[in-house]
Each structure stands twice: as C-alpha cells, then as structure tokens.
Engineer: 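First the structure, then my questions, so here it is.
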Amino acid sequence: MPIIRVALDVPVNILFEYLAPDITAQDIGGRVCVPFGRRLVTGIIMEVVTHSSVPSPKIRSAVCVLREIPPIPKELLDLFCFCSTYYHHPLGEVAMNGLPGRLRSIKPFVLDYSIPFQYRLTTEGHAIDISAISARSMVKRRLLAKLRESAVINIGEVKRISRRAPSALKELIMLRWVEEISAELTSTDVPAIEISQAPTLTTDQKNAIHDIGARINEFKTWLLHGITGSGKTEVYLQLISLLLRQGRQTLVLVPEINLTPQLEATFRARFPTVQLVSLHSGLNPNERARGWLQAQQGEAKIILGTRLAVFTPLPKLGLIIVDEEQDISFKQQEGLRYSARDVAIFRAKHVNAPVILGSATPSLESYYNAISGRYLKLSLSSRAVKNAMLPVVRCIDTRAAKTKEGLSVPLIAALEKCLALNQQSLVFINRRGYAPVLLCKSCAWAATCHRCASRLVVHLSEKKLLCHHCGHQERFPFVCPECGDQDIAPFGHGTQRVEAALVQRFPDARIVRIDRDSTRRKGAWQEILKDIQEQRIDILVGTQILAKGHDFPWLSLVGILNSDASLFSTDFRASERLFAQLMQVAGRSGRAGLPGEVLVQTEFPGHPLYDALRQHDYDAFAQTLLMERKMAGFPPFVYQALLHAEAPRIDAAMDFLTRAAAIARITKSVEIFDPVPAQMARLKGQERAHLLIQSTSRKKLQGYLAEWRTKLDTLPAQKVRWLLDVDPLEF
Ligand code: ADP
Ligand code: ZN
Ligand code: ZN
C-alpha cells in the first residue's frame, strides 16, 4: 500500500508517514488530514513512497485527502524545501507558514463565492459630471468618485462607502452608468487595455525598460537604483505589460500594507481588465484564500503583496519585482526568519525569470552585489516629472539655533512661508507618542517597563504610559514612585508633542499627525492620503510611515527633527538605515515641479551622513560605509547567523548558548563568538542572549549550520526557547 510522507506544522524537521490507500503521485502537494497524537491535523503530502521507515504496526492511516483545490505545484514545494534548508527551519512549519489560514484548517475548504461580481463605470458613467449630481445623493456621488478612482471595485468596497451604497449601486446599474462584470470574465486572455496613458519616457526609463525587456525571459537580478521621483513605477508598469502580452504572471512585493492601495490603483488604471489580486495581512481569511487560489489557477496576472505573498503559487510566473528592497520589513522577525527579498531571488532563479530590486537607497548588500557584478545595475538619475528637481537640503545647527518644543526658529519661519504660499510641509520625527521618557526631576527616576528593558513612552492624548515593545500600559503616576516628588514630567519629543506645538504655533493651519497610532483604524490612512492629495492638509507630522514610497505632489518643505541619535548607535547598520530613511523623507518634497527644501535640525551639521544627504550622493556614502564594513569585517563582507536564546532567567539562556558553543566544531573558515546579552536584553518578561557565527563563505557557513543544527536539537533546553536567525538584521 502506498505511503505518504507529510509535512506537518510541528517544530521538528522530519516528514511524518501515513498509509494512504487511494493515493497517486498526482496527489503530491495536496493537503491531507491525518491523526497526530490525539488530534487531527492538516498537512501537505511531500512524497509518495512504497516502503516506510516506521515499523509497520506503528504506522497510522491518513483520514482523507483534501482534493477540493488542486495540489500545490512542485515549484512552490521546492521553494519550501529551499527555505527549510537555508534557514535551518522545520519543513512543516515553513510549508504551513506559506499557506493561507483557511487552507491550514482541517475543515473542508469551501470558498465563499457570494461576491463573484465586480463593478466598473460604463462609457456613459465616465462621461457623468459628478459635481452636477444633487448634493442630496451624497452616496451616489461618493460611489461614482470611488469607481472613477479605482476603475474596478467589488461589493465589499461598495459596502465600505456606506450602508446605503449597495442600493445606490443598483440604481447606477439601472441607469447604465455602471456595469457588473464577473470576476472570472475580467481575468483570462483579455488583452490589456490601458486606461491611464503611459507618459513619454525619460531616457533613463527607456534604457532600463530596454535592457530588462531584452532579457525578460531569463533569470537575472536587476538592481534598479532610481532616485526618489525618478519613475520606477513606470518601469515596472511597462515590463508588466510585456509579461501580460506573454500571458504570464508578475509578483510585486512591497514592504508595507499601506503602500498596496496606492500601487493597486495605479496598476488597475493602467490594466483595467487584468485580474489583479492583492495579498497582505489586512485581508480576512476568505479574501486571502480567494486571492491565493486565483493566483494558483493562473487567473490573477498581477499579484501585489507584502512579504508573505512570496509564497503564492504562480504557475505562470514570469517576473518578480521587489520595491523598496532595502526595507527591513521584508525580513520576518519571528518563527521562520526569512527575507522575502532573498527568497524572491531564489524563486526567480528557480523558474528562470528576472527579478527587479527597486530602490532609491539600496541595501548595502544589494549595492555591493551590483557593483561587484553579481547583479545587473540600472540607474534612473533624474526626476521623471518635467522640471521637478531634487530638493535643496540644509542643516540647521541647533547648538546655535536653540529649539523650543523641538522646533527651531528657522524651521518655524520656513513653515510659515510655506503656509503663506499654500504649499504643504512635512515634519518628520521618527518617534510616536508624546515623549519618549517620563522623568522625575529630583531623583532622575524614569518610568520603565517591568517586562522589557525599555522605557515607557508617554502618550498624552490617551493619558497613558505605553511600552512600544510589548504593548504594556500604565496610568500616569501623580508622584514619583521612588522619592515621592511631584515634579515628574515628560522629557524629549514624539509626534504628539510636536503636533501639539505646531497646533499652538499655527492655530489656523490644517495639521495632521501620521503614525501607527493615528492610522490604526482600517481605512484611516487612506482617508488621510486622500486629504493630502486633495490639498485639505497644510502640515503633516509623522514617523517613517510617511517616508515610504508616497507621492505628495503639493509638498515643498520637509523638516527633520531628532535624527542625531542614530548617528552614534552601536548597531552597525544604524547609519545605513538612517541615511536611507532621510533620503526617502527628503525625497517626498519637490516632486511635481514645486521647488523643494529640506531642513535638518542637528547638532552635527558637519557629519559625513548629512554631507552626503546635502549632495544627494548615495554612491559616495555607500562607498564610505562599505569601506568601514570591510575594515570591521561586517556584512556584506561576511555572512552571519545568530543563535538566539531566551528564558525567564538570563543564566539559563547564557548556559544554553555556552553549551551550544561547546559542541560547535572548531574550524578556520567559520568564526564563532562568545554569547552576549541581546541589545534588547529583556522582552516580554524573557531574558535574551545570543551567539554570533560568521564566515566569509556563505556555503561554508551553510554547511556548518546544518551540521550544528542537528547537534543543537539534542541539547537539553529546559525553559529555553532558541532559534537560528540566518542573515540577521536585528541583534
Ligand atoms: P519613484 O517610485 O521612482 O520615487 P514614481 O514612480 O512614484 O517615482 O514616479 C514619480 C512621479 O513621476 C509620479 O507622479 C509619476 O506619475 C511620474 N512619472 C513617472 N514617469 C514619468 C514620465 N516619463 N514623464 C512624466 N511623469 C512621469
Ligand atoms: Zn523621584
Ligand atoms: Zn514592555
């Protein structure tokens, strides 16, 4: 009787064997329900064999093969195997991590097809003057506006407009302003009709499209290094269009869920009849499963998503784009610690398709690979919009120009001028909350989190102290818990405090704060974005959410507060990140022909990082950093892995690591360091420590880890949780 070898979501790196009478090789990649201990669980059939390694009386039978969806294609199974090997992580967990939740369940999978239709404007609908519709039909107006903006919408989006929107939609269909199209109909084999017109390309864009286009059917890793506003999206669009004509799929990965709607709208406007799915953690399980299936069936031609989308089955995959490739959110920081960018490169190679890494500030790893010839580099070195220039960057020396509530006089003056000209400005401070610390002025007590090695952040608007690492909340103390003094006060600045200062200084300005707190509600960020686009906002105050990828045509001034702290961080990647972040924020201004200005408040105006920022010289700064990294023996000149351990007591974690180091083989090609407490030494009540391993050869490191990992599994580890992080970004 055939035996199946099944990947299950358990933390041991083996396949489990079961008897399965009616199985064939066709079922490889299929889901199967099997008994595990006293439970029933779902797994993936990885192999079908005739002989078992388990003694025959012990082997159990599978309950049933779940055939309601086609098996996972071999290509994706290979990808799971690669991740399991490369990240030294159990295959079952890797595979299950890659599946949408609905498919992990043992319940039969029934896709809810109650939303099969999509809606779009007819030609008559397009011709309607929305402003001529009576103001009493507000819902109708909003519905039409939404349709015009998004090209195609589904009933879920309709309902989100208003409770009355579905009946308004019916009326619009009766009027023949809107038509109903079946989701299936919009998909296959309809040639792409381009609604948004492609602009006349810049020379750089033309060259990039030409070079990649000429090798569109072979694996190459392209680094598209384009300054902010250089029109990278247009390059993506034209290459996608090439792929659509070949009937092939494109996977587009973006770092952040907030970026998907804007990009989705751009893609839909260009390819209104092409089926596009967007996959990210903000979807409900049903939506995610549906998108996943449309991709698996090859119907969805454009798959837009955050890092988890890299595990979507794509039978006709022809191109992968990783936008803002330097962003650390491509790396998952828990469980399977994979880098979606690196997995994407492996995947592209495996299917022999090109992969494009796009960025204005590439990661040093990618940049180094490009200048050393392993990747192909293309540059877009001017802004795409006619007359748009890179902003002028100036430093305000805060040793001379003292700040009040975080703001210096020259910055206030610039904001004032901007307001008078009716242009938008952005004040960037990468710290949410009101103030980062609550201090007692008489004994220097500071409020700290009892579960983490961190300070509690003052959130004045919520009247709370909040830990940004574990979410712990406390009420404000009235007196110092140490000395009883009443003189306790917030110290330093966060977004809320800067917002308050600006409101006081510019009472008539329309000011909006944008950080994780103010955008938490679903749809909030979309509404704010719209307000920005439609010029209902004068001053934006916010964190790095604002820095990424957005196009704000009316923005001409950027003020940067409090960035000095990262100049002297112990993290060797801190300056790379700070530079990328500041280049990104600075890049939001002057994008549509308004001359832009960036003012950086700093006590170190002569620092090389600010110099490079003033010159907009990524290359010079990257070269300097690379030289430093080479001298210090840091990535990209070495490959690293981190053995991370956490336990309620630090001794336990350190003990485990010491024993782990003791069983590691001694060799010249792999360096193994002493265990040390982690930078964040306590988190959520767990003490944390780690051990660094590195080598100048990735291959040697990999071989070493494989051997070591099997030994680690045999170490007693009571109360210690440990994991291996390959290519770690956080220490
Ligand atoms: P990036 O992602 O490189 O920062 P975007 O792709 O957001 O830049 O493009 C910036 C702006 O330039 C967008 O408003 C886009 O519509 C516009 N744009 C892109 N290419 C062209 C072009 N060839 N001519 C005119 N405008 C363009
Ligand atoms: Zn005190
Ligand atoms: Zn905490």
Side-chain angles (χ1 to χ4, degrees), residues 196-209 224-239 252 254-255 259 262-263 265-267 269-270 321-325 356 358-362 378-390 438-457 464-474 477-489 491 533 547-555 583-594 680-686 688:
S196 84
Q197 293 292 324
T200 313
L201 296 174
T202 65
T203 314
D204 284 345
Q205 285 174 325
K206 233 183 266 167
N207 290 340
I209 294 163
L224 183 63
H225 181 195
I227 63 163
T228 52
S230 59
K232 291 185 282 296
T233 317
E234 188 57 39
V235 174
Y236 304 155
L237 285 167
Q238 305 239 349
L239 292 167
V252 184
V254 292
L259 287 171
Q262 219 183 6
L263 209 53
T266 308
F267 285 3
R270 185 65 64 86
I321 294 166
V322 185
D323 195 26
E324 310 286 352
E325 66 90 26
I356 304 174
S359 177
T361 50
L378 292 167
S379 302
L380 309 180
S381 45
S382 58
R383 287 204 151 169
V385 173
K386 219 173 168 180
N387 298 329
M389 301 284 283
L390 282 174
L438 185 68
L439 269 186
C440 167
K441 286 192 184 146
S442 64
C443 78
W445 166 86
T448 54
C449 178
H450 65 285
R451 304 176 66 206
C452 309
S454 70
R455 300 246 168 92
L456 291 174
V457 177
K464 269 185 216 144
L465 295 174
L466 211 76
C467 174
H468 283 188
H469 297 280
C470 73
H472 168 76
Q473 306 186 351
E474 273 176 31
F478 293 106
V479 295
C480 170
E482 275 309 305
C483 71
D485 203 297
Q486 288 189 1
D487 201 7
I488 47 177
F491 185 79
Q533 302 297 1
K548 297 182 184 178
H550 299 289
D551 205 22
F552 303 134
W554 312 109
L555 191 93
M583 286 279 271
Q584 295 281 351
V585 196
R588 295 314 109 208
S589 82
R591 287 168 75 93
L594 296 180
M680 187 76 195
R682 183 163 15 96
L683 183 68
K684 300 181 189 174
Q686 296 285 316
R688 313 160 83 230

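Atoms within each ligand, like the ligands themselves, are counted from 1 in listed order. Computation of the quantities below employed the complete heavy-atom set of this structure, encompassing side-chain atoms and omitting hydrogens, waters and symmetry-equivalent molecules.
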Engineer: What's the shortest distance from atom 26 (N) of ligand 1 to any protein heavy atom, and which residue and atom give it?
Structural biologist: V385 CG2, 3.9 Å
Engineer: Quick one: does P553's side chain get under 4.5 Å of Q533's, heavy atoms only?
Structural biologist: yes
Engineer: Does any N, O or S atom of C452, backbone or side chain, fall under 2.8 Å from the Zn ion (ligand 3)?
Structural biologist: yes
Engineer: A quick test of your reading: do over 12 heavy atoms of other residues, nucleotides or ligands sit less than 6.0 Å from CD of Q486?
Structural biologist: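 No.
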Engineer: Using a heavy-atom cut-off of under 4.0 Å, does the side chain or the backbone of A384 touch ligand 1, or both, or neither?
Structural biologist: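 Both backbone and side chain of A384 come within 4.0 Å of ligand 1.
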Engineer: At a 4.0 Å threshold, what atoms of ligand 1 neighbour a non-hydrogen atom of T200?
Structural biologist: 22 (C), 23 (N), 24 (N)
Engineer: Checking side-chain hydrogen bond (donor to acceptor under 3.5 Å, both in side chains) for the pair R383/T228: CA distance, chi angles, key distance, verdict?
Structural biologist: CA-CA 7 Å; R383 287 204 151 169; T228 52; 3.0 Å; yes
Engineer: As a quick check of understanding, evaluate side chain to side chain contact (heavy atoms under 4.5 Å, CB included) for Q205 and Q238, giving each step before the final call.
Structural biologist: CA-CA 10 Å; Q205 285 174 325; Q238 305 239 349; over 6 Å; no
Engineer: Over all heavy atoms of both residues, which pair between T233 and F267 is shortest? Give the atoms and the distance, please.
Structural biologist: CG2-CE1, 4.4 Å
Engineer: Might you work through the side chain to side chain contact (heavy atoms under 4.5 Å, CB included) test for N207 and L378, ending with a clear yes or no?
Structural biologist: CA-CA 8 Å; N207 290 340; L378 292 167; 5.9 Å; no
Engineer: At a 4.0 Å cut-off, with the gap strictly under it, does some heavy atom of G229 reach an atom of ligand 1?
Structural biologist: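 Within the 4.0 Å threshold, so yes.
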Engineer: Counting only non-hydrogen atoms of the protein, does one fall under 4.0 Å from atom 16 (O) of ligand 1?
Structural biologist: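 Not a single protein heavy atom is under 4.0 Å away.
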Engineer: At the Zn ion (ligand 3), what angle lies between atom SG of C467 and atom SG of C449, rounded to 10 degrees?
Structural biologist: 110°
Engineer: For the atom pair NZ (K386) and OG1 (T200), what is the distance rounded to the nearest 0.5 Å?
Structural biologist: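 One gets 9.0 Å once the value is rounded to the nearest 0.5 Å.
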Engineer: With only distance considered, is P199 within less than 3.5 Å of ligand 1 through an N or O on each side?
Structural biologist: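 Checking ligand 1 against P199, no N or O pair falls under 3.5 Å apart.
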Engineer: How far does CG of L380 sit from CD1 of I227, to the nearest 0.5 angstrom?
Structural biologist: 8.5 Å
Engineer: Please list the nearest protein heavy atom to atom 7 (O) of ligand 1 with its residue and the distance rounded to 0.1 Å.
Structural biologist: R591 NH2, 3.3 Å
Engineer: Kindly give the heavy-atom pair with the smallest separation between E482 and W445, and that separation in Å.
Structural biologist: CG-CD1, 3.4 Å
Engineer: Considering only heavy atoms from C-beta outward, does the side chain of P477 approach that of L465 to under 4.5 Å?
Structural biologist: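 The answer is yes, as the side chains (C-beta and beyond) meet within the 4.5 Å cut-off.
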Engineer: Roughly how far, to the nearest 0.5 Å, is OG of S381 from CG of D204?
Structural biologist: 4.0 Å
Engineer: Short check: any N/O/S atom of H472 below 2.8 Å from the Zn ion (ligand 3)?
Structural biologist: no
Engineer: For ligand 1, indicate whether the residue L380 contacts it via side chain, backbone, both or neither (heavy-atom separation under 4.0 Å).
Structural biologist: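 For L380, there is no contact with ligand 1 at all, from either part.
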Engineer: Could you identify the single nearest non-hydrogen protein atom to atom 9 (O) of ligand 1 and state the distance to 0.1 Å?
Structural biologist: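 It is G231 CA, 3.5 Å.
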Engineer: Which of the atoms in ligand 1, numbered in the order shown and given with their element, are less than 4.0 Å from a heavy-atom of D551?
Structural biologist: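 Once the distances to D551 are compared, the set is 11 (C), 13 (C), 14 (O).
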Engineer: Which atoms of ligand 1 are found less than 4.0 Å from any heavy atom of T233?
Structural biologist: 2 (O), 5 (P), 6 (O), 7 (O)
Engineer: Output the list of atoms in ligand 1 that are nearer than 4.0 Å to some heavy atom of T228, sorted by atom number.
Structural biologist: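 Those qualifying, in numeric order: 4 (O).
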Engineer: Which atoms of ligand 1 sit under 4.0 Å from any heavy atom of T202?
Structural biologist: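 Answer, ordered by atom number: 23 (N).
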Engineer: Heavy-atom pairs closer than 4.0 Å: do any link ligand 1 to the side chain of Q205, the backbone, both, or neither?
Structural biologist: side chain
